[in-house]
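I have placed the structure first, in the form of structure tokens, so that the comments after it can refer back to it.
Residue numbers start from 1 in every chain, and the chains themselves are labelled A, B, ... in the order their sequence lines are given, proteins ahead of strands.
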Amino acid sequence: MPTITLPDGKTKSFDRPVTGLDVAQSIGAGLAKAALACKVDGETRDLSFVIANDARVALITLPKPGQPASEDALSLIRHSAAHVMAEAIQDVMGDDVLLAYGPPTDTGFFYDMFVPEGKRLSSERFDEINRRIAEIIKEDRPFTRYELPAEAGLSKLWNEENKYKIDNAERALGKPSSLYKGSKAGADASPAAAHSSAASLSFYATGAPGRNWEDLCRGPHVPSTGRIGAACVLSLASSYWHGDENSDRLTRVYGTAFPTQAELEAFLRQKEEAAKRDHRVIGRNLRLFHIDEDVGQGLILWTPRGSIVRKELQAFIGGELRKQGYTEVFTPHIGRLELYKTSGHFPYYKDSQFAPIIERQALEELSRSGCTCADMLNRVEGVSARLASGINERTGAQTIGPERVLPDDRLVEGFMLKPMNCPHHAKIFASAPHSYRDMPVRLAEFGTVYRWEQSGELNGMTRVRGFTQDDAHLFCTEDQVPGEVQGCLALVKIIFATLGMKEYRVRVGLRDPDSNKYTGSRENWDKAEAACIDAAKSLGVPFSKEPGEAAFYGPKIDFVVKDVIGREWQLGTVQVDYNMAIRFDLSYIGPDNKPHRPVVIHRAPFGSMERFCGVLIEHFAGAFPAWLSPEQVRVLPISEKSLDYGRAVLAALTQGGVRATLDEGNDRIQGKIKVAADLKVPYLLIVGPRDAEQGTVSLRVRGVEKDAGAMPLDAFVGAITSEIADRRADLGVRP
RNA sequence: GCCGCUGUAGCUCAGUGGUAGAGCGCACCCUUGGUAAGGGUGAGGCCGUGGGUUCAAUCCCCACCAGCGGCUCCA
């Protein structure tokens, strides 16, 4: 006799066990029709799930037409669509394609499967698969759940000879895997681990068990295939069983599904739109940057046009920094190895750094002495007893273990390409005594750093091996931390507002309460975390607290920006650091005339110039606001007869500080417009005999289909120079 | 780093076991045209690099390099 508590707090009593569907029907026929599944005491269940005891029940429903579906609803639809796609693929490819694991993701779903030797799943089969998916959806077959006791279920799977499903089942039952022999066995990349220990195994038939396609699955699913709406297969990739590279190689088939065909089409259009905005393509077409095989992977060559964009951004941020009392510094691209041993970055991050630079003489000497490579590595990575004891004493812990300490005459010195700027900045701070009266000391630098990113990770400008951070380190007293964090966020806010990035959110990375890996006192952490949270709150944008996401040396704030087509990009960061000042033994003299430890705030609102520009290119689709445009105005003479007037117009623009060019080619005006439009030049000035006579220019604005009309040249120059000076986001000049 | 796919002119891409094509771009000529490409002529390629198979390789095989899509990683 269950009593059901609904989300609004109302209760309903039944005189017999009921299903989720019964509950929905008792509320209304419309709700029953819209329901996909239910949540019983917080657990998502099939609509056919029988509720025998008192429970809290919420229904997961399809939205009203025109409304976006909830995450729960999408995830159900997609998980179900993964089954449908798998069935379609087996229909097309044969049953010897073995299914492994098919979960929903943020934007769709995938199914990992083993494709036998000799068969190949390629995108040429997608049409065929998609047609089959559409048929299965149209057939509107019910998802039918049935359970088998552990042994019966396992023997069924053994008969089917699919080791992946057997493995999933064993994990679901909490048994050790009898088939998966990977290095990560027991660790938990495993899909089925989410099952926790069950006593039985559940299967879902898409239709009738024994007659239609079925799959081992925990569920839940939508009531029938028709409820999926629309689904399609999207792409192929490869993956490993259990994510283990030593294990079987599987084919991962990606797809997505939506409640309606219209939403699916909108999603596909958005993907196309995103592809058109690809900064790698736009970067080439607009000649913004170049990556050259001979220079190296992940190393950006900023061409003249791209350099203008970067330079403008740097000038913009530089101006804001001056207003906030920062001072600018310059530091070299390399530093002694010992510097990074002091900071703790080497050898801790040695796998993601370029190899050290060892002097030629030292190498020759090592080679003569018969030193092996392994020996050399040890000798490069080792530290002197003096350095180790100094750091261990200051940090109050065995930060550098005895295994890394080598006698001085065994150590090999060298240099490193800097992987971050903080050690250099710490040394600048340490180079002069500081009074509490001077604090905070804010050192800013567009500092170029180098990191050995894995080759498979490299991507255009967004993931590179050499990049310039808009970096700064704020050396402050503990009391100053909240105010300085606030200042950093204010800066980010100005930047985003100027660039028209209206939507962003903030993630505040906090300590993992169950870990003691963190440096610094509890009180300091409490204060710093509170400062970060307060600062995030004050921004007036959504923020989330992420326990366990702090760096070991302090809490951090990350910015996630949404671009104009809704994609999220992680950009800048603000981090509070208690560790660096200790390792570098930094101090300032307090009012008590005693030395005190400063706290260091690391911050980079853009993150890196490369990544930020890459994101901006996609955000604007290459159509930058006038102040950022490499070429702000192009003068297009109607014919050679108007060239002289064109030159005069160009001179007036250039005198006014506008980046302008003159098209001296002998194309017709239509051709000149087409070429300039393709380059996304904001303003085109068409000049012909009429304009020459009247001292006007005929304006054409990027993105506007037709001629904007004529205006006096000096009026145009005045209008555009003020638009540029104000860094206005939109093209506002009109006659 | 791992897996898959790809690599032909500056760019986008056809194509073939007998050393190669288009469009755009570029150069020159004609055209002097008022708002998203007028016309012609021409230059430009060791078909990613190195091996192998073959009488013969851009094409088939292997390795490497690079790009793309993923996986894993990101101080």
Quick one: which of B:G38, B:G34, B:U32 gets closest to the side chain of A:R668? B:G38

Could you check which of B:U32, B:U35, B:G67 has an atom nearest any side-chain atom of A:E640? B:U32

Any base atoms under 4.0 Å from A:R284, or only sugar-phosphate, or nothing? Heavy atoms, all strands. sugar-phosphate

For A:C532 and A:V508, work out which heavy atoms get closest and say how close. CB-CG1, 3.9 Å

Take atom CD of A:Q469 and atom C1' of B:A75, then tell me their distance rounded to the nearest Å. 10 Å

For A:V697 and A:H345, take the nucleotide of RNA chain B holding the closest heavy atom to each; which residue's nucleotide lies nearer the 5' end? A:V697

Assess whether one donor atom and one acceptor atom, taken from the side chain of A:S235 and the base of B:G69, lie less than 3.5 Å apart. no

Using only heavy-atom distances, determine whether the side chains of A:T331 and A:K427 contain a donor-acceptor pair under 3.5 Å. no

So which nucleotide from B:G69, B:G67, B:G1 ends up closest to the side chain of A:Q297? B:G67

Base-pairing string, 5' to 3', of RNA chain B - Watson-Crick or wobble, under 3.5 Å, | interstrand: (((((((..((((....[..)))).(((((.......))))).....(((((..]....))))))))))))....

Describe the nucleic acid contact of A:A677 in one word from base, sugar-phosphate, nothing, applying a heavy-atom distance below 4.0 Å. base

Remember a base hit wins even if backbone is also touched, and classify A:N666 as base, sugar-phosphate or nothing at under 4.0 Å, heavy atoms. base

Using the C1' atom in both, what is the distance from B:A20 to B:U32, to the nearest Å? 39 Å

Taking CD from A:Q454 and P from B:C74, how many angstroms apart are they, rounded to a whole number? 9 Å

Report yes if a donor N or O on one partner sits less than 3.5 Å from an acceptor N or O on the other, where the partners are the side chain of A:R463 and the base of B:C73; otherwise report no. yes

Answer whether the closest heavy-atom distance between the side chains of A:I391 and A:T342 falls below 4.5 Å. yes

Inter-nucleotide P distance (B:G23, B:G39), Å rounded: 12 Å

Rounded to whole Å, the CD1-C1' distance (A:I638 to B:U31) equals 15 Å

Is any side-chain heavy atom of A:E618 closer than 4.5 Å to a side-chain heavy atom of A:D278? yes

Specify the separation, in whole Å, of atom CD of A:Q670 and atom P of B:G33. 12 Å

Geometric cation-pi criterion A:R252 and A:F110, 6.0 Å radius, 45° cone: yes

To the nearest Å, give me how far apart CD1 (A:I673) and C1' (B:G33) are. 12 Å

Using a 4.0 Å heavy-atom cut-off, does A:Q353 contact any base of the nucleic acid, only the sugar-phosphate backbone, or nothing at all? base

Could you check whether A:S642 gets within reach of a base, just the sugar-phosphate, or nothing at all, counting any heavy atom under 4.0 Å? nothing

Between B:G70, B:A37, B:A75, which one does the side chain of A:Y254 approach most closely? B:G70

Length of the line joining A:L643:CG and B:G34:P, which is rounded to integer Å: 16 Å

Name the closest nucleotide to the A:I686 side chain, picking from B:G34, B:G38, B:A66. B:G34

Ring centres of A:F584 and A:F429 under 6.0 Å apart? no

Side chain of A:D691, base of B:G34: donor and acceptor closer than 3.5 Å? yes

Roughly how many Å is it from CD1 in A:I282 to P in B:U12, rounded to a whole number? 14 Å

Is there a side-chain contact between A:L699 and A:L684, using heavy atoms and a 4.5 Å cut-off? no

Atom of A:K556, atom of A:E549 and distance for their closest heavy-atom approach: CE-O, 3.1 Å

For a quick check of understanding: with a heavy-atom distance under 4.0 Å over all strands, which category does A:R252 fall into, base, sugar-phosphate or nothing? sugar-phosphate

Taking atom C1' in both B:A43 and B:C26, what distance in whole Å separates the two? 9 Å

Can we say A:E631 and A:R305 salt-bridge, meaning some charged N sits less than 4.0 Å from an Asp/Glu carboxylate O? yes

Of the listed B:G1, B:G69, B:U35, the closest approach to the A:R280 side chain comes from B:G69

note: A:E705, atom CD; B:A36, atom C1'; distance rounded to Å ~ 8 Å

